[in-house]
A.B. asks: 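Below are the structure tokens for one structure; questions will follow.
Order of the sequence lines sets the chain letters (A, B, ...), proteins ahead of strands, with each chain counted from 1. Given the structure is predicted, the values throughout are model-derived calculations rather than measurements.
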Protein chains: 2
Amino acid sequence: MKADAIRGHLDGLLLAVLEPGPRHGYAIITAVQQRSGGALELRTGTIYPALNRLERLGLLRSTWDSVGERRRRCYELTDAGRRGLADERSAWRAFTTAIGSVLDPQPGSAT
Amino acid sequence: MKADAIRGHLDGLLLAVLEPGPRHGYAIITAVQQRSGGALELRTGTIYPALNRLERLGLLRSTWDSVGERRRRCYELTDAGRRGLADERSAWRAFTTAIGSVLDPQPGSAT
DNA sequence: AATAATGTGTAGGCTGTCTACCTATGAAGG
DNA sequence: CCTTCATAGGTAGACAGCCTACACATTATT
């Protein structure tokens, strides 16, 4: 996987894995990894700043919870986050359609 | 279209529009625009450095030709360029599969 | 005791794309 | 003749977002 291929698509990934329910950062990484069949391995340095940004934008809200002595920060979607996810999904469809039609043009289309 | 969504996919676009035959820069821009149904509007500042890079890498070769007094630089795929295009296409499929399976998971897959 | 797994986070750098700008020819219209 | 638009090629510099590398702490395993 090319290093910066996911640029511009990270937000959608984060919102999508939070759709079923709240998750903490580490679980987000493993969820993305599992869902993508191991293809996407996000780093902490990638997601934590992004999660902060999404919270600042009001798409996420976070709460601290504790398991024993260990603290973890759980993120969940806000209503704006759900709308944002819908936007990301339609943007993704438009994007893949656009790139796909250039990369693999239909035989009938103009050259 | 998010500004930098195409990051990491530009090379594939350029190689793909050059597959049918040689083209000069301006024609590459219009070809991408037409093939994508107007969704992708590349700028000269985007493609010329990229074309130079691809030529440096040996994926393209360029020749000057003249129409009257006007000179234009025509780019065409090398054999390495054709192989590069095939690589870009399979990378694109892997990429869309990966992102897609996170963004719109199949009901059966693990959360 | 040491190592791996779990868990959160920051600092700094990289690089490819974008914005903005510049130059030049040819055709069309006034 | 002059202006304007389409065609054609190009550079300089900034910017944003992701990556690399690092730091720290707790819990489980060997």
A.B. asks: Nearest whole angstrom, please: distance from the P of D:dC18 to the CG of A:Leu14.
C.D. replies: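 After rounding, the gap between these two atoms is 9 Å.
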A.B. asks: With sequence neighbours excluded, what pairs up with A:Thr78 under the side-chain contact (heavy atoms from CB on, under 4.5 Å) test?
C.D. replies: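 Result, side-chain contact (heavy atoms from CB on, under 4.5 Å) vs A:Thr78: A:Arg61, A:Ala80.
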A.B. asks: Consider the side chain of A:His24, meaning its heavy atoms from C-beta on, and name the nucleotide among D:dA6, C:dG7, D:dC18 that approaches it most closely.
C.D. replies: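 So the nucleotide nearest the side chain must be C:dG7.
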A.B. asks: I'd like a table of donor-acceptor pairs (distance under 3.5 Å, sequence neighbours excluded) in which one partner is a side-chain atom from residues 11-21 of chain A, with atom names and distances.
C.D. replies:
unit_1: A:Asp11; atom_1: OD1; unit_2: A:Arg53; atom_2: NH1; d: 3.4
unit_1: A:Asp11; atom_1: OD1; unit_2: A:Arg53; atom_2: NH2; d: 3.1
unit_1: A:Asp11; atom_1: OD2; unit_2: A:Arg53; atom_2: NH1; d: 3.0
unit_1: A:Glu19; atom_1: OE1; unit_2: A:Arg89; atom_2: NH2; d: 3.0
unit_1: A:Glu19; atom_1: OE2; unit_2: A:Arg89; atom_2: NH1; d: 3.3

A.B. asks: Could you state the NE2-C1' distance from B:His9 to D:dC18, rounded to the nearest angstrom?
C.D. replies: 13 Å
A.B. asks: Provide, to the nearest angstrom, the distance between the CD atom belonging to B:Glu41 and the P atom belonging to C:dA20.
C.D. replies: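 About 15 Å, once rounded to whole Å.
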A.B. asks: What distance do B:Arg71 atom CZ and B:Asp65 atom CG have between them, rounded to the nearest 0.5 Å?
C.D. replies: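 The distance works out to 11.5 Å.
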A.B. asks: Figure out the CG/P separation between B:Leu60 and D:dG9, and round it to whole Å.
C.D. replies: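 That distance rounds to 14 Å.
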A.B. asks: Need one value for B:Arg72: base, sugar-phosphate or nothing, where a base atom within 4.0 Å counts as base even if backbone is also close, heavy atoms only.
C.D. replies: sugar-phosphate
A.B. asks: Enumerate the residue pairs fulfilling ring-ring contact (aromatic ring centres under 6.0 Å, His included) with a member in residues 6-34 of chain B, sequence neighbours excluded, ordered by first and then second residue.
C.D. replies: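 For residues 6-34 of chain B, and leaving out neighbouring residues, the ring-ring contact (aromatic ring centres under 6.0 Å, His included) pairs sorted by first residue read A:Phe95-B:His9, B:His9-B:Trp92, B:His9-B:Phe95.
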A.B. asks: Taking the side chain as everything from C-beta on, heavy atoms only, tell me whether B:Leu77 gets closer than 4.5 Å to B:Leu59.
C.D. replies: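 Counting from C-beta outward, B:Leu77 and B:Leu59 never come under 4.5 Å.
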A.B. asks: Grab the CD-P distance between A:Gln33 and C:dT6 for me, whole Å please.
C.D. replies: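 After rounding, the gap between these two atoms is 11 Å.
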A.B. asks: If you measure from OG1 on A:Thr30 to CD on A:Gln34, what distance do you get to the nearest 0.5 Å?
C.D. replies: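 Output value for this atom pair is 5.5 Å.
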A.B. asks: Tell me: CZ of B:Arg53 to C1' of C:dC14, nearest whole Å?
C.D. replies: 14 Å
A.B. asks: Roughly how many Å is it from CD1 in A:Ile29 to C1' in C:dT6, rounded to a whole number?
C.D. replies: 11 Å
A.B. asks: Could you state the interatomic distance from CG (A:Leu103) to OG (B:Ser36), rounded to the nearest 0.5 Å?
C.D. replies: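 Going from the CG atom of A:Leu103 to the OG atom of B:Ser36 covers 12.0 Å.
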A.B. asks: Polar-atom pairs under 3.5 Å, protein N or O versus N or O of nucleotides 10-13 of chain D: list them with distances, or write none.
C.D. replies:
unit_1: D:dG10; atom_1: OP1; unit_2: B:Arg73; atom_2: NH1; d: 2.8
unit_1: D:dG10; atom_1: N7; unit_2: B:Thr44; atom_2: OG1; d: 3.4
unit_1: D:dG10; atom_1: O6; unit_2: B:Thr44; atom_2: OG1; d: 2.8

A.B. asks: Given atom CG of B:Asp65 and atom P of D:dA8, what is their separation to the nearest angstrom?
C.D. replies: 10 Å
A.B. asks: Could you pull out every donor-acceptor pair under 3.5 Å between side chains of residues 40-50 of chain B and any protein atom, sequence neighbours left out?
C.D. replies:
unit_1: B:Arg43; atom_1: NE; unit_2: B:Glu41; atom_2: O; d: 3.4

A.B. asks: Would you check if the side chain of A:Ser101 reaches a backbone N or O of B:Arg35 as a donor-acceptor pair within less than 3.5 Å?
C.D. replies: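 Checking the backbone N and O of B:Arg35 against the side chain of A:Ser101, a donor-acceptor pair under 3.5 Å is found.
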A.B. asks: Restricting both atoms to N or O, compile the protein contacts to nucleotides 26-29 of chain C shorter than 3.5 Å, with distance only.
C.D. replies:
unit_1: C:dG26; atom_1: OP1; unit_2: B:Glu69; atom_2: N; d: 3.1
unit_1: C:dG26; atom_1: O4'; unit_2: B:Arg70; atom_2: NH2; d: 3.4

